[in-house]
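Proteins get letters first, then strands, A, B, ... in listed order; numbering begins at 1 in each.
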Number of protein chains: 4
Amino acid sequence: MDQPLTARWKRRKEARPQEILEAALAVFAEKGFAATRMDDIAVRAGVTKGTIYLYFDSKEEVFKSLVRQTIGDTLTQIADRVAAYEGSARALLITVLRAIGTLLRTSDRVVLPKIVLAESGNFPELVRFYRFEIIEKGLGVLTSILARGIAQGEFRAVPPQHAARLCVAPLLLGALWRTTFAPLDPEPYDIEALIETHIDVLLRGLAKEGGEA
Amino acid sequence: MDQPLTARWKRRKEARPQEILEAALAVFAEKGFAATRMDDIAVRAGVTKGTIYLYFDSKEEVFKSLVRQTIGDTLTQIADRVAAYEGSARALLITVLRAIGTLLRTSDRVVLPKIVLAESGNFPELVRFYRFEIIEKGLGVLTSILARGIAQGEFRAVPPQHAARLCVAPLLLGALWRTTFAPLDPEPYDIEALIETHIDVLLRGLAKEGGEA
Amino acid sequence: MDQPLTARWKRRKEARPQEILEAALAVFAEKGFAATRMDDIAVRAGVTKGTIYLYFDSKEEVFKSLVRQTIGDTLTQIADRVAAYEGSARALLITVLRAIGTLLRTSDRVVLPKIVLAESGNFPELVRFYRFEIIEKGLGVLTSILARGIAQGEFRAVPPQHAARLCVAPLLLGALWRTTFAPLDPEPYDIEALIETHIDVLLRGLAKEGGEA
Amino acid sequence: MDQPLTARWKRRKEARPQEILEAALAVFAEKGFAATRMDDIAVRAGVTKGTIYLYFDSKEEVFKSLVRQTIGDTLTQIADRVAAYEGSARALLITVLRAIGTLLRTSDRVVLPKIVLAESGNFPELVRFYRFEIIEKGLGVLTSILARGIAQGEFRAVPPQHAARLCVAPLLLGALWRTTFAPLDPEPYDIEALIETHIDVLLRGLAKEGGEA
DNA sequence: GATGAATGAGCTTTCATTCAT
DNA sequence: GATGAATGAAAGCTCATTCAT
């Protein structure tokens, strides 16, 4: 009967960092990095300020942990699926865009890139991380799909490095919209429809003459 | 003490607020809102901290002035030109996208929306302003072009409120790229080419069957 | 869980306070009182912070224990030997100064008075202890030797309470030098030679005309 | 009539750092470095915490300024006088020791070395400064006097680097006594008499056979 | 109008101490 | 007896803001 007690404690200790990160995410999302006080995070996590410093060296480190943990996984999964995929580039592109779209519509995490963007002047290191880990990888996946589609004669010969950005741009806009303007909209803006329209227009725009007919 | 001093003061007096705003823009762009100190702005403007408070009530007010003054004019100009335009929606859309594109590639002002996004939680009022003054107006212009194109049989019947966002999304991405990641790129990323590719793909995607051929 | 653990615990139990004090001495010597963290002591003693509080009420109490235990014994021994001594005051003084000198050159303990001096404002009680237990006793020993020497016609009639301080001053200086400046010296300063010079000059200075010849 | 106002203000601005240093000296003397709070200094100086940071970068910098400003001057003056002196080494040595002695008996500044000693672990830089600027210079002066005396046949051939330390050791002890134990003494300890006894004993100890007679 | 010395609230961070396990 | 997670009271430092000059 004493096992459970120890177990609960241990579980708590291991759960703490995650609890803190979750609280931090919520507060960062609401106030941005600079305006967030360690006290805010602590209260939300149900601990005191000091406890945060048991697990993280500084406010900046809390933020970095949040960013690092958040995005890499999903992206890697998508990259793997893409690499394994056999079939039309068109169908694959649709699948990937919808997957990312769903993520953007549902995850709380999408506020983080916003903060990185905004306070980029204060986090050069984090900007590098984003640029070369997240974005490079993401654009790489899309570029490879596009290149495959061009090679297979499905797509027109558009420059892939630009086209890849065209693929994500509306998704990014959707994410920014949701996290910034959505609460103000008199009636909720339908991001899913935005993405479907994007897919429709984009694929037509990429298609070889008569390819989509 | 003597006349000349007073005269010089007077001459400067009217220019002061604008000088301060320009200095503030530079510093905000570099550091974000929270990390910008009034002292930074003052030094850059060649005045002392106290002087700023002669013209602005607070740091927040400096920022708001900057935002308010910045974008409205250009947008109104574009809206006017669009309203007066007669000719193909296609050509008009190209013109408008290139105009905005040029702006994004050259203006210092584009950092401001980034900051507004980032600190939206701290500036709800400013977010409203952006949402209903700037974005509403901008999307309105694009929506009207698209609607005209659809009505004239140039474009397919895509939902204009979504398509309008598709038009600006790559421009937004370009702006964010320039202000955030450009310094890190080993070779400069060609935003102009991005915009031209965007125009190419977008117009094909919008075009009625055989319309662009 | 099993017997051996308990046994080991018990064995350690009595040694713990001393282990902690030894660790504390090392850290206090290195960092001074205020800059020493309980964690530092704990780590060095191979226990956890909490354990220290099983044996000592506070950081201050750890320090006090250290001081109290440290010097009294040696001094008492010296005092006893002096009281029992029969022979020339001159030879006795040399013996005592060399004994203290050796102590200062070898013991880690000499940092403690330094800390007491430094933080005297924060430890009035400890200053009293030093003043009336350690110093009083030490000066008493020296004063008695000097008085005996004067009475026996070995020394000139110098005021003993001042001369006693003259006897220890160079030893004190040697201790401070070792614990403060020694690491910076390009070549090690020879404290033993200092003490021998001191003995030489001092005894000549004290000697009755023609006494030392 | 407006001149005085400006003048008073300006004088105030120029006086501030000195006022702060004086307050800091008092508090450091009372509590040591680590236990001194910036607030303590501020209150004593009649300003607020923030004001201190207008003139000094950090608490450490306040302390360093205090040390730097304090001792160098006096020492340089003494060194100059010694270099210019012509006459017996014996008389010169007496003059110098009395000069330093007077300083130690009257100046508030003598607590500073105590603090440097005590917190040497935390101020390696300051220890270097003391070691190579103050002590080196001080010992240099004394060594040169002693060497001159030996060359002129006034003093015995004692090793000057050790003998120089013997000259200052009782002065140092006097300073430590005054700043640490004096308040506890039932009747005030007569430091002047200590110094005179020191001069007496020392010079006899150094004197060539029959030299002092 | 302009200055800049002064303010003081508020922040991040540290660490002696406690106590459930 | 021992642990170590958690606490919370400071403390150093920053900076938007004020106001006497």
message = Would you say D:T51 places a side-chain N or O within less than 4.0 Å of OP1 or OP2 belonging to E:dT7?
response = yes
Length of the CE-C1' vector between C:M38 and F:dG4, whole Å = 14 Å
ask   = C:D57 CG to E:dT17 P: how many Å, rounded?
value = 9 Å
task = Between E:dT3, E:dT18, E:dT7, spot the one nearest the side chain of C:Y53, thanks.
result = E:dT18
key: Integer-rounded Å distance: F:dC13 C1' and D:I41 CD1   = 13 Å
request  = Tell me whether the OP1 or OP2 atom of E:dA2 has a side-chain N or O from B:Y55 closer than 4.0 Å.
outcome  = yes
key: Under-3.5 Å donor-acceptor pair between B:K49 side chain and F:dT17 base   = yes
ask   = Atom CZ of D:F56 to atom P of E:dA5: distance rounded to whole Å?
value = 14 Å
key: Min side-chain heavy-atom separation B:F33-B:F123 under 4.5 Å   = yes
ask   = For the pair made of CG in A:D39 and P in E:dA9, what is the distance, rounded to whole Å?
value = 17 Å
inquiry  = What is the separation between atom CZ on B:R37 and atom P on F:dT17, rounded to the nearest whole Å?
reply    = 15 Å
request  = Check every atom of F:dA2, E:dA5, F:dA16 against the side chain of D:L54 and return the nucleotide holding the closest atom.
outcome  = E:dA5
request  = Evaluate the side-chain contact (heavy atoms from CB on, under 4.5 Å) criterion for residues A:F63 and A:V67: first the C-alpha distance (whole Å), next the side-chain angles of each, then the deciding distance (0.1 Å), finally the verdict.
outcome  = CA-CA 6 Å; A:F63 187 71; A:V67 172; 3.9 Å; yes
For a quick test of your reading: what N or O donor-acceptor pairs under 3.5 Å do the side chains of residues 114-122 of chain B make, sequence neighbours left out?
| from | atom 1 | to | atom 2 | distance (Å) |
| --- | --- | --- | --- | --- |
| B:K114 | NZ | A:L117 | O | 3.3 |
| B:K114 | NZ | A:S120 | OG | 3.4 |
| B:K114 | NZ | B:T179 | O | 3.3 |
| B:K114 | NZ | B:T180 | OG1 | 3.0 |
| B:E119 | OE1 | B:N122 | ND2 | 3.2 |
| B:E119 | OE2 | B:A34 | N | 3.4 |
| B:S120 | OG | A:K114 | NZ | 3.4 |
| B:S120 | OG | B:L117 | O | 3.1 |
| B:N122 | ND2 | A:K31 | O | 2.8 |

request  = Measure across B:P17 and B:F56 and return the closest heavy-atom pair with its distance rounded to 0.1 Å.
outcome  = O-CZ, 4.1 Å
query = Could you state the CD-C1' distance from B:E61 to F:dT17, rounded to the nearest angstrom?
reply = 15 Å
query = Taking only residues two or more places apart in sequence or in another chain, which ones pass side-chain hydrogen bond (donor to acceptor under 3.5 Å, both in side chains) with A:R128?
reply = none
task = Enumerate, in order of first residue number, the stems that involve DNA chain E, defined as 3 or more consecutive Watson-Crick or G-U wobble pairs with both distances under 3.5 Å.
result = E:2-21 with F:2-21
message = Judged by each residue's nearest nucleotide on DNA chain F, which is more toward the 5′ side, B:S58 or D:A35?
response = D:A35
query = Roughly how many Å is it from CD in C:E60 to P in E:dC15, rounded to a whole number?
reply = 18 Å
ask   = B:T48 has a side chain; which of E:dT13, E:dT3, E:dT18 sits nearest to it?
value = E:dT3
query = Which of these nucleotides, F:dA2, F:dT7, E:dA6, is closest to any side-chain atom of D:R16?
reply = E:dA6
request  = Please examine the side chains of A:I20 and A:Y55, heavy atoms only from C-beta on, and report whether any two atoms are closer than 4.5 Å.
outcome  = yes
request  = Would you kindly compare B:G50 and C:A34 by the position of their nearest DNA chain E nucleotide and give the one closer to the 5′ end?
outcome  = B:G50
Minimum side-chain heavy-atom gap A:K64-A:K59 below 4.5 Å = no
